[in-house]
*Asks:* 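Questions regarding the structure given below will be posed in turn.
Residue numbers run from 1 in the order of the sequence given.
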Amino acid sequence: MSELLARHRAVMPNWLALNYNEPIEIVGGKGNRVVDADGKSYLDFFAGILTNMIGYDVPEVREAVERQLATGVVHTSTVYLLRGQIELAEKIARLSGIPDAKVFFTNSGTEANETALLLATYARKSDQVLAMRQSYHGRSFGAIGVTSNRAWKNNSLSPLNAHFLHGADRHLAQFRGLSDAEYIQVCVDDLRHVLATAVAGDVAALIAEPIQGVGGFTMAPDGLFAAYKEVLDEQGILLISDEVQTGWGRTGSAFFGIQNHGVTPDMMTFAKGLGNGFAVGGVVARGDLMDALPAVGLATFGGNPISMAAANATLDYVLDHDLQANAARTGALITDGLRAAAERLRVVKDVRGKGLMFAVELETPAQAARFMEETKRAGLLAGKGGLYGTAIRMAPPLTLTMDEAAEGLGIIVHALEVINAEAAAQ
């Protein structure tokens with residue numbers, strides 16, 4: 001055990017997970033690569049859990065932050081006008097497509113989802129919330145209540161009365177043979193049945209990830225949330241799209257994940273990649289919903305000048321360089337290559353994803369752990385998760401080049417070949 005790992009374990013909680021048998025300390029980064037304390041370089045296909053969205057040491061972001069630091073003002077709080085906050089809110093409101101949108105900034109996706117749930121439950125005067133099976137919306141008390149993954153739920157207590165829907169669980173036997181249209185119809189029928197049997201009176205909202213992050217990048221077929229929204233609208237139930245991992249063009253086919261379903265939600269939550277490593281989260285919602293809260297509110301660090309400088313520079317970079325299109329190109333190269341390889345690799349149960357958000361489902365958690373070690377050895381960082389701990393999930397920076405995509409694909413396929421050979425030999 002390294003000295004730093006021993007110190008970590010002495011003062012950090014046991015439930016604070018670390019990747020790898022021998023965890024690494026990242027001490028440098030440039031472009032889409034990082035360097036550990038031993039001097040080893042890695043192509044980063046996990047991006048700080050989808051947070052270093054445009055890579056490392058980006059001049060435009062660094063210079064924006066340095067300009068703000070040079071003013072001497074790191075923090076003032078939301079009780080003063082914050083030019084960067086206003087400018088970023090204007091951009092997000094415009095990009096969201098939500099009518100008369102307003103924006104509230106927080107520090108994380110967890111806080112953002114808490115805020116959205118507060119807005120919805122106040123507007124509807126109900127503690128009843130719908131969420132998706134296998135979902136993850138954060139680690140706080142309320143967010144855990146709408147999380148549907150036992151590995152991430154510390155208790156059953158909640159301020160919310162949650163009911164969980166189908167939509168991202170086509171691996172189950174009863175859904176496996178259905179077409180997209182048939183599966184959507186089954187899910188809509190189930191939603192109607194839940195509303196007829198499991199709830200009492202008004203429901204506040206459905207909160208859903210267009211692609212489930214911790215769930216292993218499982219996702220509903222395009223169009224499901226549009227079909228759900230038709231039912232929700234009949235009863236005035238709000239739709240909250242959790243875009244913490246799917247926002248800002250990552251799926252390649254849409255700027256926000258929910259747009260792949262051809263629907264505009266009442267609210268969207270966001271965080272992670274927007275600050276390219278600086279802490280920022282928030283909610284963009286219909287103005288009437290955002291303005292309705294009767295009590296005074298603020299966010300001490302939400303909208304702070306440093307994070308706003310980084311986020312404005314990051315979002316401008318994404319738009320100016322059309323990184324959504326780049327995600328579509330590079331993601332297709334990788335996903336197509338993985339699907340071709342999967343045809344000859346028994347250990348690969350599924351390949352799924354959109355743009356630069358893709359996953360490989362293996363047979364066992366042990367194989368997923370083995371993949372992590374093999375790709376680390378080969379110089380690539382990945383993530384794992386999924387409901388059963390068998391999914392490898394990867395989301396490189398949106399600045400990934402075609403050469404880097406091909407390099408990463410080669411490392412991934414080789415690791416899968418090693419695992420496949422080991423499984424065949426057992």
*Asks:* Between CG of Asp57 and CG of Asn276, what distance do you get to the nearest 0.5 Å?
*Replies:*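 Rounded to the nearest 0.5 Å, the CG-CG separation comes to 10.5 Å.
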
*Asks:* Please determine whether the number of non-hydrogen atoms from other residues, nucleotides or ligands lying under 6.0 Å from atom NE2 of His414 exceeds 12.
*Replies:*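 Not more than 12 within 6.0 Å, no.
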
*Asks:* Within 45° of the six-membered ring axis of Tyr56 and under 6.0 Å from that ring's centre, is NZ or CZ of Arg33 located there?
*Replies:*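 No, Arg33 does not lie over the aromatic ring of Tyr56.
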
*Asks:* Examine the side chains of Ser148 and Gln134 and answer whether a donor and an acceptor come within less than 3.5 Å of each other.
*Replies:*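 Gln134 and Ser148 do not have a side-chain donor-acceptor pair below 3.5 Å.
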
*Asks:* In a check of side chain to side chain contact (heavy atoms under 4.5 Å, CB included) between Met219 and each of Gln212, Met132, Lys354, which one passes?
*Replies:*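 Looking at Gln212, Met132, Lys354, the match for Met219 under the side chain to side chain contact (heavy atoms under 4.5 Å, CB included) is Lys354.
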
*Asks:* May I ask you to decide if Ala131's main-chain N or O and Ser135's side chain share a donor-acceptor pair within less than 3.5 Å?
*Replies:*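 No, because the side chain of Ser135 does not come within donor-acceptor range (under 3.5 Å) of the backbone of Ala131.
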
*Asks:* Can you confirm whether Lys102 is buried at NZ, in the sense that more than 12 heavy atoms of other residues, nucleotides or ligands lie under 6.0 Å from that atom?
*Replies:*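 For Lys102, atom NZ is not crowded (no more than 12 foreign heavy atoms under 6.0 Å).
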
*Asks:* Is Asp127 reaching over with its side chain to a backbone N or O of Leu160, donor-acceptor style, under 3.5 angstrom?
*Replies:*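 Not a single qualifying donor-acceptor pair exists.
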
*Asks:* Going by the angle between their ring planes, with limits at 30° and 60°, are His75 and Phe301 parallel, tilted or perpendicular?
*Replies:*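 It falls in the tilted class, 30° to 60°.
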
*Asks:* Can a salt bridge be assigned to the pair Arg339 and Glu343 using a cut-off of 4.0 Å between side-chain N and carboxylate O?
*Replies:*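 Answer for the salt bridge query: no.
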
*Asks:* Check this for me: Leu81, atom CG, are more than 12 non-hydrogen atoms of other residues, nucleotides or ligands nearer than 6.0 Å?
*Replies:*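 Open: at most 12 neighbouring heavy atoms sit under 6.0 Å from CG of Leu81.
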
*Asks:* Taking Gln367 for the side chain and Glu363 for the main chain, is one N or O donor matched with an acceptor at less than 3.5 Å?
*Replies:*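 Yes; at least one donor-acceptor contact below 3.5 Å.
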
*Asks:* Would you mind checking if Lys40 and Asp38 are paired as a salt bridge, meaning a charged N to carboxylate O distance below 4.0 Å?
*Replies:*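 No, Asp38 and Lys40 are not salt-bridged.
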
*Asks:* List the steps and the verdict of side-chain hydrogen bond (donor to acceptor under 3.5 Å, both in side chains) for Thr399 and Asn326.
*Replies:* CA-CA 7 Å; Thr399 47; Asn326 188 62; over 6 Å; no

*Asks:* Pair Asp169, Phe175 - check side chain to side chain contact (heavy atoms under 4.5 Å, CB included), show working.
*Replies:* CA-CA 8 Å; Asp169 50 8; Phe175 304 133; 3.6 Å; yes

*Asks:* Tell me if a side-chain donor or acceptor on His321 pairs with a main-chain N or O of Tyr317 at a distance below 3.5 Å.
*Replies:*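 Judged by distance alone, yes, a pair lies under 3.5 Å.
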
*Asks:* Do side-chain atoms of Tyr388 reach the backbone of Pro365 as a donor and acceptor pair under 3.5 angstrom?
*Replies:*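 A pair under 3.5 Å: no.
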
*Asks:* Can you confirm whether Asp190 is buried at CG, in the sense that more than 12 heavy atoms of other residues, nucleotides or ligands lie under 6.0 Å from that atom?
*Replies:*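 Yes.
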
*Asks:* Is there a donor-acceptor pair closer than 3.5 Å between any side-chain N or O of Gln259 and the backbone N or O of Phe256?
*Replies:*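 Yes, Gln259 side chain to Phe256 backbone: donor-acceptor pair under 3.5 Å.
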
*Asks:* Please check this pair: side chain of Arg176 against backbone of His171, looking for a donor-acceptor N/O pair closer than 3.5 Å.
*Replies:*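 Present.
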
*Asks:* Can you confirm whether Asn154 is buried at CG, in the sense that more than 12 heavy atoms of other residues, nucleotides or ligands lie under 6.0 Å from that atom?
*Replies:*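 No, not enclosed.
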
*Asks:* Nearest 0.5 Å, please: how far is CG in Leu118 from CZ in Phe104?
*Replies:*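 If we round to the nearest 0.5 Å, Phe104:CZ and Leu118:CG are 9.5 Å apart.
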
*Asks:* Can you tell me how far apart OG1 (Thr76) and CG (Asn304) are? Round to the nearest 0.5 Å.
*Replies:*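 Thr76 atom OG1 to Asn304 atom CG measures 8.5 Å (nearest 0.5 Å).
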
*Asks:* Under a 4.0 Å threshold between the charged nitrogen and the carboxylate oxygen, would Asp180 count as salt-bridged to Arg170?
*Replies:*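 The answer is yes: the pair qualifies as a salt bridge.
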
*Asks:* Measuring from Glu209:CD to Glu243:CD, what's the distance to the nearest 0.5 Å?
*Replies:*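 Rounded to the nearest 0.5 Å, the CD-CD separation comes out at 10.0 Å.
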
*Asks:* Is it true that the side chains of Lys384 and Asn19 contain a donor and an acceptor less than 3.5 Å apart?
*Replies:*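 Short answer, no.
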
*Asks:* Count the heavy atoms of every other residue, nucleotide or ligand shown that sit under 6.0 Å from CZ of Arg62, and state whether that count exceeds 12.
*Replies:*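 Yes, enclosed.
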
*Asks:* Are any of the side-chain nitrogens in Arg370 or Glu373 under 4.0 Å away from the carboxylate oxygens of its partner?
*Replies:*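 Glu373 and Arg370: not salt-bridged.
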
*Asks:* Counting only heavy atoms from other residues, nucleotides and ligands, does the tally under 6.0 Å from CD of Glu182 exceed 12?
*Replies:*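 Atom CD in Glu182 is crowded, with more than 12 foreign heavy atoms closer than 6.0 Å.
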
*Asks:* Quick one: NE2 on His166 to CD1 on Ile184, what's the gap to the nearest 0.5 Å?
*Replies:*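 Output value for this atom pair is 15.0 Å.
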
*Asks:* For Thr269 and Asn113, does a side-chain donor sit closer than 3.5 Å to a side-chain acceptor?
*Replies:*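 Yes - a donor-acceptor pair under 3.5 Å links their side chains.
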
*Asks:* Count the heavy atoms of every other residue, nucleotide or ligand shown that sit under 6.0 Å from CG of Leu178, and state whether that count exceeds 12.
*Replies:*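 Buried by this count: over 12 neighbours within 6.0 Å.
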
*Asks:* Of Leu238, Ile237, Leu117, which is the lone residue that meets side chain to side chain contact (heavy atoms under 4.5 Å, CB included) with Val129?
*Replies:*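 With Val129 as partner, side chain to side chain contact (heavy atoms under 4.5 Å, CB included) holds for just one option, Leu117.
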
*Asks:* Report the distance from atom CG of Leu274 to atom CG of Leu88, rounding to the nearest 0.5 Å.
*Replies:*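 Leu274 CG to Leu88 CG: 5.5 Å, rounded to 0.5 Å.
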
